[in-house]
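Since the structure comes first, as structure tokens, the remarks are kept for the end.
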Amino acid sequence: MIDLRSDTVTLPSDEMRDAARDADVGDDVYGEDPTVNDLETQAAEVLGMEAALFVPSGTMGNQIAARTHTERGQELLCEEESHIYKWEVAGLAQHAEVQPRIIAGDDRGVITPEQVRQGYVETDLHRPGTGLLTLENTHNSKGGTAISPAAITAAADTAHDLDVPVHLDGARLFNAAAALETPVADIVEPVDSVMCCLSKGLGAPVGSILAGSAEFIEAATRVRKLFGGGMRQAGLIAAPGLCALENRNRLAEDNERAERLAAALDNIAGLTAHEPETNIVLIETDTPAAAFLDACEDEGVRGVPFDDHVVRFCTHWDIDDGDIETAVDAVERAVA
Ligand SMILES: *Cc1c(COP(=O)(O)O)cnc(C)c1O
């Protein structure tokens, strides 16, 4: 079975399993796990941020950021299709206790400085005030679009002019960096905090990183405890995370394979591929997405439905060039 449902389905490499077994560990709630400390230091360095925090998932990282930056009852500005708004079980309402104000981005998920200004709400007797702007890169629901540093800077600078901090959901930030041929630190330079997943394209079994100023991370550590994310001998999962960070320069390969997959699938009658910018391939199907995916599964390929007539395939660590060819042949049979 060629599993293209998500880049989260990867299995840990032997190197990661060895690293987990051999890791030096301690109680991380006391700050005494050397492997976690090492991961946080290295991640902060790669991201060009003062400090970083190891969290169990991307969702928790985003929600900790929203809670830490805002006060209860404020508004949070975010893009309509963004993960933090759409796919986190209304965590903004339940954990961060903020009211999202959504902005419809363009077809790539980009929001303009003008939209940020329009969405901003001042604090007064009747209005809650805007506490945070969140951005997403790559933008998952828009098909893994790699948002340019210029677009991030334009939106973030506008928010800062209004005294509103900015959080970047960079679950697939390293895929964006590969596509943009720009160091991650340059992409996140204009934002106040960033979350990136170790467990997606980077291939770790568990965990994400939240990074920002030392003061922000100190406050975020307390919120992580509040949310039940304080972990003990977490070096066992941080060690594969360190291996994952080393994989960061490999992601251009996933992006290239996605491009080849999209081009080949686009040649099949009944399918229209969006041109991928990173490792996510969106395919429009003449037949209903569910029926198409059932047929694909019978031929040995898995994807996920994204809409009634749209499916998503994702390239990752466990997919090589041969798998792409095999997958294309299988989809061809499925459509026939
Ligand atoms: C996957 C994803 C997340 C959440 O990460 P989990 O580790 O699955 O909780 C957040 N934002 C985006 C854009 C994602 O794709």
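Computed over heavy atoms, backbone and side chain alike; hydrogens, waters and symmetry mates excluded. Whatever order the structure lists ligands and atoms in, that order sets their numbers, starting from 1.
- At a heavy-atom distance under 4.0 Å, only side-chain atoms of Ala171, from C-beta outward, approach ligand 1.
- Side-chain N/O atoms of Asp3 and His316 include no donor and acceptor closer than 3.5 Å.
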side-chain contact (heavy atoms from CB on, under 4.5 Å) between Leu173 and Leu168: does it pass, once the steps are laid out?
CA-CA 9 Å; Leu173 181 66; Leu168 178 67; 4.1 Å; yes
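- Which parts of ligand 1 touch Gly58 is read off a 4.0 Å heavy-atom cut-off, strictly below it: atoms 4 (C), 5 (O), 6 (P), 7 (O), 9 (O).
- Between Arg257 and Asp321 there is a salt bridge, with a side-chain nitrogen of the basic residue lying less than 4.0 Å from a carboxylate oxygen of the acidic one.
- Within ligand 1, counting atoms from 1 as listed, the ones closer than 4.0 Å to a heavy atom of Glu88 are 10 (C).
- Using a 4.5 Å cut-off on side-chain heavy atoms (C-beta onward), Pro149 and Leu180 make contact.
- Considering each of His83, Lys86, Glu81, Lys200, the one bringing a non-hydrogen atom nearest atom 1 (C) of ligand 1 is Lys200.
- Checked against the 6.0 Å centroid threshold, His69 and Phe216 count as a close aromatic pair.
- Closest to atom 11 (N) of ligand 1 among all protein heavy atoms lies Asp169 OD2, 2.6 Å.
- Distance from atom 13 (C) of ligand 1 to its nearest protein heavy atom, with residue and atom name: Glu136 OE2, 3.3 Å.
- Rounded to the nearest 0.5 angstrom, Asn255 CG and Ile280 CD1 are separated by 9.5 Å.
- Every atom of ligand 1 with a heavy atom of Cys197 under 4.0 Å away is listed here by number and element: 5 (O).
- Residue Asn62 touches ligand 1 through its side chain alone, judged by heavy-atom distances below 4.0 Å.
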When the side chains of residues 124-131 are checked against the rest of the protein, which donor-acceptor pairs come out under 3.5 Å, sequence neighbours left out?
{"from": "Asp124", "atom 1": "OD1", "to": "His126", "atom 2": "N", "distance (Å)": "2.8"}
{"from": "Asp124", "atom 1": "OD1", "to": "Arg127", "atom 2": "N", "distance (Å)": "2.8"}
{"from": "Thr130", "atom 1": "OG1", "to": "Val121", "atom 2": "N", "distance (Å)": "2.8"}
{"from": "Thr130", "atom 1": "OG1", "to": "Val121", "atom 2": "O", "distance (Å)": "3.4"}

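- The protein heavy-atom contact nearest to atom 9 (O) of ligand 1 is Thr59 OG1, 2.6 Å.
- Taking a 4.0 Å cut-off on heavy atoms, His139 fails to register as neighbouring ligand 1.
- Near Ser57, with a cut-off below 4.0 Å to any heavy atom, the atoms of ligand 1 are 7 (O), 9 (O).
- Of the polar atoms of Ser199, none of the N or O atoms is found under 3.5 Å from an N or O of ligand 1, judged by distance alone.
- Not a single N or O atom of Ser208, backbone or side chain, sits closer than 3.5 Å to an N or O atom of ligand 1.
- Between Arg224 and Asp28, at least one side-chain N (NZ, or NE/NH1/NH2) sits under 4.0 Å from a carboxylate O, which counts as a salt bridge.
- Using a 4.0 Å heavy-atom cutoff, Met60 is absent from the residues neighbouring ligand 1.
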Begin with the C-alpha distance, continue with both residues' side-chain angles, and end with the deciding distance and a verdict on side-chain contact (heavy atoms from CB on, under 4.5 Å) for Phe174 and Leu202.
CA-CA 8 Å; Phe174 290 93; Leu202 297 175; 3.7 Å; yes
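- For the residue pair Asn62 and His167, a side-chain donor N or O sits within less than 3.5 Å of a side-chain acceptor on the partner.
- Below 4.0 Å from some heavy atom of Arg172 lie the following atoms of ligand 1, by number and element: 15 (O).
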